[in-house]
Colleague: 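Before I ask anything, here is the structure I am working with.
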Amino acid sequence: MCLLRAGNTILLLLPLLLLFGQSLSVSRSFSIDYQNDCFRKDGDVFRYISGSIHYFRIPRIYWKDRLLKMYMAGLNAIQTYIPWNFHEESPGVYNFEGDRDFEHFLQLANDIGLLVILRPGPYVCSEWDMGGLPAWLLKKKNIVLRSSDPDYLAAVDRWMGKLLPRVKPYLYQSGGPIISVQVENEYGSYFACDYNYLRHLTKLFRSYLGNDVVLFTTDGGGISYLKCGTIQDVYATVDFGPNGNISAGFAVQRYAEPHGPLINSEFYTGWLDHWGWPHSVVATSQLTKSLNTILAMGANVNMYMFIGGTTFGYWNGANTPYAPQPTSYDFNAPLSEAGDLTEKYYAVREVIKKYRKIPEGPMPPSTPKYAYGSVTMKKLQTITDALDKLSLSGPVKSKYPLTFLDLNQAFGFVLYRTFLPLACITPIPLSSPLNGVHDRAYVSINGVAVGILERNKVLSINVTGNAGSQLDILVENMGRINYGKDINDFKGLVTNLTLGEYVLTDWTMYSLSIDEAINQGIIDEDGAAPEDPPQPAALSLPTFYRGSFIIPDGIPDLPQDTYIKLPSWRKGQIWINGFNLGRYWPARGPQVTLFVPAHLLSTAVPNNLTVLELENAPCSSGPCTVEFTDSPIINATVLPNYKQSWSLFDKGIMLGL
Ligand SMILES: *[C@@H]1O[C@H](CO)[C@@H](O)[C@H](O)[C@H]1NC(C)=O
Ligand SMILES: *[C@@H]1O[C@H](CO)[C@@H](O)[C@H](O)[C@H]1NC(C)=O
Ligand SMILES: *[C@@H]1O[C@H](CO)[C@@H](O)[C@H](O)[C@H]1NC(C)=O
Ligand SMILES: *[C@@H]1O[C@H](CO)[C@@H](O)[C@H](O)[C@H]1NC(C)=O
Ligand SMILES: *[C@@H]1O[C@H](CO)[C@@H](O)[C@H](O)[C@H]1NC(C)=O
């Protein structure tokens with residue numbers, strides 16, 4: 001056990017100083033001391049108290065503010081993942097700019113005085129689409145991800161060959177903030193158990209980062225996870241939350257590492273949410289009690305998350321049985337989604353204070369929020385009306401349905417069209433017998449919305465219509481599974497649909513470039529087909545809406561952060577000035593408001609909102625508005641039937657983050 005006292009440090013340092021003289025002041029080292037069960041930084045006993053922050057969930061302009069707040073809480077380190085698919089969206093096309101400029105993020109951490117624990121994957125889980133693996137890996141349909149499948153390894157090698165040379169200058173030994181680097185992520189929870197893969201990664205990391213860097217693995221706090229998750233010469237750590245027996249958690253680590261520092265790499269400050277499940281909360285008292293126990297043991301800890309942030313756009317992941325995560329990744333963490341200081345933050349700071357001198361000086365304040373009020377929305381075209389403009393690559397025909405990937409589309413929506421092969425005078429089931437709607441399908445016949453199919457939930461609806469009627473199925477990708485054996489998550493109609501006894505064939509598929517169309521402002525009011533038939537009250541065709549608002553003059557310090565709420569809207573996607581803010585689904589909850597960071601807003605020109613409502617906008621029955629408020633709602637009550645259908649999952653299954 002390490003004794004973290006100043007006196008101890010000086011005693012240990014003196015002989016080293018005598019040995020190396022001046023050279024010690026320039027040689028930076030970070031290593032594991034197996035004899036004394038601790039880390040050594042520049043020869044001194046060292047323990048980290050760290051927090052997770054994902055640069056990819058926070059706008060770049062707020063990186064510094066959030067890091068400073070973490071520093072002021074008394075942390076001496078932060079931890080982040082690097083999601084591969086965020087940086088290599090198409091094979092060989094890399095993006096390290098703007099919000100993806102992780103080097104700038106590392107530099108900021110360094111400047112503020114925070115060390116960094118880096119988790120570059122290649123798989124990261126993280127409630128992120130496909131756990132950070134690029135969907136294009138699935139072009140080889142039977143690829144075994146996270147294994148020594150040669151095609152997988154070739155892609156990993158190419159990516160790491162781009163990434164790790166950028167990481168290297170930021171290693172502690174090179175004068176940067178990175179003290180340790182994780183290999184893979186909770187690999188022991190994955191079925192493949194391929195030691196050759198872990199060995200390959202270790203060699204790869206060493207070849208780029210050198211032999212001095214501390215490499216580690218992380219696995220769930222159970223001995224069974226360590227079996228496939230740990231590998232020789234890579235330090236094994238564990239993760240567990242504040243509810244269990246802390247000593248038992250570390251005893252699991254000791255099983256793999258009889259000596260060396262105790263490390264909880266993910267100590268859960270809160271927990272993730274799923275659409276339709278009650279909002280997760282971890283009590284502050286429970287968290288601080290367990291944090292105190294961990295720190296009193298002299299263990300190293302990383303709080304996951306210290307700030308969760310937002311999963312903008314289409315980037316969220318999902319768990320199995322299919323349960324996608326919402327846009328907010330607040331996580332009930334000490335800093336809120338918007339970076340606000342919570343009572344949990346102050347309570348954690350009080351605990352840390354007992355073990356470490358915490359920085360003095362003024363606390364950076366929570367950013368102010370502004371309620372801009374209601375914005376009237378105007379109906380634009382439906383997806384069907386705008387099809388030509390949205391389908392830049394034009395339709396593709398195929399006897400059987402193709403997946404998103406076959407159509408070269410990663411995210412968003414694809415329209416599948418065919419014609420009823422028979423007259424459905426009485427209701428006939430339109431079904432996905434193999435549960436192949438990935439993930440939600442908005443069905444219309446001759447321009448009339450008739451129902452919704454949903455993965456794992458609604459596999460069949462009854463339809464009527466004349467033979468030859470046009471059947472349109474808009475399929476939404478709600479986020480790829482990020483954990484477990486089902487991460488090879490193909491999107492679209494991944495199996496055949498049937499109408500009664502018939503397999504539906506002869507599809508025309510429209511890959512939709514909705515984000516591009518919105519950015520180019522090419523969805524308009526005038527293009528609505530005059531013959532759009534009247535819709536049944538409960539549903540309407542997926543439709544775009546637009547509104548704009550001006551930020552008032554004469555109020556100082558605007559624009560400020562805000563939240564957007566869509567009262568009585570049901571489900572869809574929302575863009576602000578062309579930025580894809582994320583998914584809204586107040587009809588299912590628990591998230592009701594979406595965080596809107598100020599930098600997206602303009603004070604000089606009107607701000608433009610675009611909404612794609614998939615089910616039914618409130619516009620025919622009442623005020624067609626959305627509303628900007630100054631406080632978040634992410635914990636609305638969810639329908640009990642959803643709660644029930646997930647209760648088994650809720651209780652039993654250990655989720656890797
Ligand atoms: C916690 O775990 C330790 C080590 O496994 C064990 O000795 C102790 O009895 C446990 N405490 C409780 C309250 O279960
Ligand atoms: C479809 O209609 C049949 C016959 O009316 C009925 O038995 C069945 O429950 C309906 N299925 C659905 C999914 O509504
Ligand atoms: C659809 O059914 C046909 C005929 O049974 C089969 O050959 C094809 O593979 C199926 N397609 C999908 C995507 O399941
Ligand atoms: C909003 O749209 C209007 C009209 O197209 C345009 O003039 C304005 O610049 C847009 N606002 C922003 C912030 O892009
Ligand atoms: C949601 O959270 C707020 C703020 O913490 C709390 O006041 C409110 O009671 C919660 N609502 C529900 C339905 O849990």
Side-chain angles (χ1 to χ4, degrees), residues 1 59 220-224 226 238 240-258 262 264 286 289-290 292-294 296-297 299 372 375-378 380 422 424-433 435 437 441 443 445 449-465 497-502 515-526 536 538-539 544-552 558-560 562 564 574-581 596-611 626 628 641:
M1 189 57 45
I223 285 172
S224 58
L226 296 177
V238 288
F240 52 85
N243 297 319
N245 176 338
I246 304 295
S247 315
F250 284 125
V252 169
Q253 191 201 348
R254 276 283 171 257
Y255 174 84
E257 296 289 356
L262 292 178
N264 183 345
Q286 184 70 54
K289 183 165 162 270
S290 296
N292 189 54
T293 308
I294 289 175
M297 292 172 79
Y372 298 97
V375 177
T376 300
M377 302 298 289
K378 205 158 160 187
L380 307 180
L422 67 163
C424 308
I425 309 303
T426 55
I428 292 186
L430 170 71
S431 311
S432 174
N435 195 16
V437 170
V443 182
I445 293 179
V450 297
I452 297 168
L453 295 166
E454 187 176 338
R455 185 171 179 182
N456 286 92
K457 283 205 166 71
V458 183
L459 306 192
S460 187
I461 55 173
N462 281 333
V463 300
T464 55
L497 293 191
T498 56
L499 184 67
E501 304 293 304
Y502 292 81
D515 290 77
E516 289 82 344
I518 286 170
N519 270 297
Q520 291 160 21
I522 57 175
I523 302 156
D524 51 45
E525 295 158 47
D526 311 325
L539 279 181
F544 292 100
Y545 294 81
R546 181 160 65 210
S548 70
F549 69 102
I550 294 170
I551 292 187
L558 291 188
Q560 289 175 357
T562 183
I564 192 166
I574 180 160
W575 292 259
I576 295 200
N577 293 327
F579 179 86
N580 189 337
L581 207 57
V596 183
H599 77 285
L600 297 177
L601 304 176
S602 168
T603 49
V605 290
N607 293 284
N608 304 310
L609 293 175
T610 311
V611 170
V626 300
F628 287 99
N641 55 327

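Start at 1 and go down the list; that is how both ligands and their atoms are numbered.
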Colleague: Would you mind running through ligand 1 and noting each atom that sits below 4.0 Å from a heavy atom of A248?
Modeller: 2 (O), 5 (O)
Colleague: Counting only heavy atoms on the protein side, is anything nearer than 4.0 Å to atom 10 (C) of ligand 2?
Modeller: yes
Colleague: Between N608 and S548 (side chain of the first, backbone of the second, donor and acceptor by atom type, cut-off under 3.5 Å), is there such a pair?
Modeller: no
Colleague: Quick one: does any side-chain atom of S602 pair with a main-chain N or O of A604 as donor and acceptor, under 3.5 Å?
Modeller: yes
Colleague: Against ligand 4, does P606 come closer than 4.0 Å with any heavy atom?
Modeller: yes
Colleague: Give me the residue, atom name and distance of the protein heavy atom closest to atom 14 (O) of ligand 1.
Modeller: N245 ND2, 3.3 Å
Colleague: Looking at atom 7 (O) of ligand 2, is any protein heavy atom nearer than 4.0 Å to it?
Modeller: no
Colleague: Return the closest protein heavy atom for atom 13 (C) of ligand 2 as residue, atom name and distance.
Modeller: S460 O, 3.7 Å
Colleague: Please report whether atom 2 (O) of ligand 1 has a protein non-hydrogen atom at a separation of less than 4.0 Å.
Modeller: yes
Colleague: N462 versus ligand 2: do any nitrogen or oxygen atoms come within less than 3.5 Å of each other?
Modeller: yes
Colleague: What I'd like to find out is whether the side chain of L430 reaches to under 4.5 Å of the side chain of N462, using heavy atoms alone.
Modeller: no
Colleague: Is the H599 ring parallel, tilted or perpendicular to the F579 ring (thresholds 30°, 60°)?
Modeller: perpendicular
Colleague: Say whether N608, considering both its backbone and side-chain N or O atoms, lies within less than 3.5 Å of an N or O atom on ligand 4.
Modeller: yes
Colleague: Measure up the F549 and F628 rings against each other and bin them: parallel (under 30°), tilted (30 to 60°), perpendicular (over 60°).
Modeller: tilted
